[in-house]
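Just so you know, ligand 1 is whichever comes first in the structure, and atom 1 is the first atom listed for that ligand. Source: prediction; values computed, not measured.
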Amino acid sequence: MKIDQLKYIFNLFNHNASFKLCEEISSGHINDTYLIKTKTKPFYILQRINHEVFKDVPGLVSNKVKISNHLRKKLDFLTEKELQNRVLSFVITKNNTPFYLDSNGNYWNMMIYIGNSKTYETVNNKEIAYEGGKLFGEFLNLTSDFDANQLIDVIPKFHDISHRYSQFEDALKLASSSRLQKANEYIKFVESQKNEMLKLQRLKESGEIKLRVTHNDTKISNALFSKNNKGLCVIDTDTVMPGIVHYDFGDAIRTICNTAAEDEKNLDLVNFNLSYYEAYKKGFLEKAGDSLSPIELKYLPLGVKTMIFIMAIRFLTDFLNNDRYYKIKYIHHNLNRAKNQFKLLKSFSIEMDNLKVGSKNSFL
Ligand code: GN1
Ligand code: MG
């Protein structure tokens, strides 16, 4: 994207700032994200939302604005300056619309950049795990009184395993023989797991586990921390929609407890860190525990297992589909991501079994 085009789009939004420069933030797999630096602070985050993936962008933006408004109300004891660091603030266009739709059909959304903050792709100390737990736990707690029916399903069946299995099975039918061969060992494994992996979905569908507002992309890089490592703000609320708590708990653990990055190729480096699990759980329960029912609590560990599996099957499916969904940086990127998640799943299961043998405590 050319800088002049970005500057033009930036100036269609409602602000009094002068554009200075922009930097692409390339950590996301779906949208195009730019940090816009202006002559005076605050800076801004300008995003092109991928409308191939998100079919109803106006609905998506409406979801996130509703959630930010709700969080602001719940945190109204904070000063305006504090609120700007704790809750995403979206900027409307000069035409009073919550996004800009360009002539190529691209949707643009803008928010104020939260300065003096940092993110982690991987975690290297317990404090971050604990603070991350508090932050995501608080997000769930503060949104627990928001009626989830007011939100659209931004990606229907996003975390439904049966849907992910049917996409996987479709991919198997069309995949090239060379990709099938490279994925062979994992394909067999995926097929063997169906029963256990469907369990949470059945509990959701039977109504035993209630729908609530969930974030649905709680990887640790979607948590902002202050310079002194305190949890500040949950970001990337594109996938906020009705869901179950287990996947939010699971996705955070999936990324926090992996001793390596999600796409690390050397699988010896990929292990499940149990002490980070404990730290995250502690922070999470401190903040969200009161809003969780016994059945929600009981199945949190299965949420971890299921969420790691969901990411593994999604990466594997995209590899079989010749990389149509996720951005990739090299040819076997998706296969490596999938292998990484399968290794993490194995390591998680070993830790879980050891814990059960070693003591009478349940994993939770
Ligand atoms: C995608 O684009 P990003 O990085 O926010 C994906 C998530 C995955 C994540 C894996 C809409 O999120 O579900 O967990 O990659 N988002 C979508 O890193 O598919
Ligand atoms: Mg996301």
Student: Side chains of Phe158 and Val154, heavy atoms from C-beta outward: is any pair under 4.5 Å?
Tutor: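 In short, these two side chains do not touch, never coming nearer than 4.5 Å.
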
Student: Would you call Lys7-Asp4 a salt bridge at under 4.0 Å N-O?
Tutor: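 No salt bridge links Lys7 with Asp4.
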
Student: Check ligand 1 for N or O atoms under 3.5 Å from a protein N or O and list each pair with its distance.
Tutor:
from, atom 1, to, atom 2, distance (Å)
ligand 1, 2 (O), His29, N, 2.9
ligand 1, 2 (O), Ile30, N, 3.2
ligand 1, 4 (O), His29, N, 3.2
ligand 1, 4 (O), Lys219, NZ, 2.5
ligand 1, 5 (O), Asp217, OD2, 2.9
ligand 1, 5 (O), Asp236, OD2, 2.9
ligand 1, 12 (O), Asp217, OD2, 3.3
ligand 1, 13 (O), Arg314, NH1, 2.9
ligand 1, 18 (O), His29, NE2, 3.3
ligand 1, 18 (O), Lys219, NZ, 2.8
ligand 1, 18 (O), Glu262, OE1, 2.9
ligand 1, 18 (O), Glu262, OE2, 3.0
ligand 1, 19 (O), Arg314, NH2, 2.7
ligand 1, 19 (O), Tyr325, OH, 2.5

Student: Charged N to carboxylate O below 4.0 Å: is that the case for Glu286 and Lys281?
Tutor: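 No, Glu286 and Lys281 are not salt-bridged.
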
Student: Enumerate the protein N/O/S atoms at a distance below 2.8 Å from the Mg ion (ligand 2), ignoring waters.
Tutor: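 Counting only protein N, O or S atoms under 2.8 Å from the Mg ion (ligand 2), the list reads Asp217 OD2, Asp236 OD2.
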
Student: Taking side chain as C-beta onward, heavy atoms only, is Met311 less than 4.5 Å from Lys219?
Tutor: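 A side-chain contact under 4.5 Å is absent here.
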
Student: Does Leu35 have any side-chain contact (heavy atoms from CB on, under 4.5 Å) partners at least two apart in sequence or in another chain, and if so, which?
Tutor: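 Here the qualifying residues are Glu23, Ile25, Lys37, Phe43, Ile45, Tyr113.
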
Student: What is the distance from atom CD1 of Ile308 to atom CZ of Phe342, rounded to the nearest 0.5 Å?
Tutor: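 Going from the CD1 atom of Ile308 to the CZ atom of Phe342 covers 11.5 Å.
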
Student: Are Leu274 and Ile350 co-members of a hydrophobic cluster defined by side-chain heavy atoms under 4.5 Å apart?
Tutor: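 As far as the 4.5 Å side-chain criterion goes, Leu274 and Ile350 are not connected within one cluster.
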
Student: Under the rule for side-chain contact (heavy atoms from CB on, under 4.5 Å), what residues qualify as partners of Val270, not counting sequence neighbours?
Tutor: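 Val270 satisfies side-chain contact (heavy atoms from CB on, under 4.5 Å) with Asn258, Ala260, Glu264, Leu267, Asn340, Lys343, Leu344 once adjacent residues are dropped.
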
Student: Counting only heavy atoms from other residues, nucleotides and ligands, does the tally under 6.0 Å from NZ of Lys227 exceed 12?
Tutor: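 Atom NZ in Lys227 is crowded, with more than 12 foreign heavy atoms closer than 6.0 Å.
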
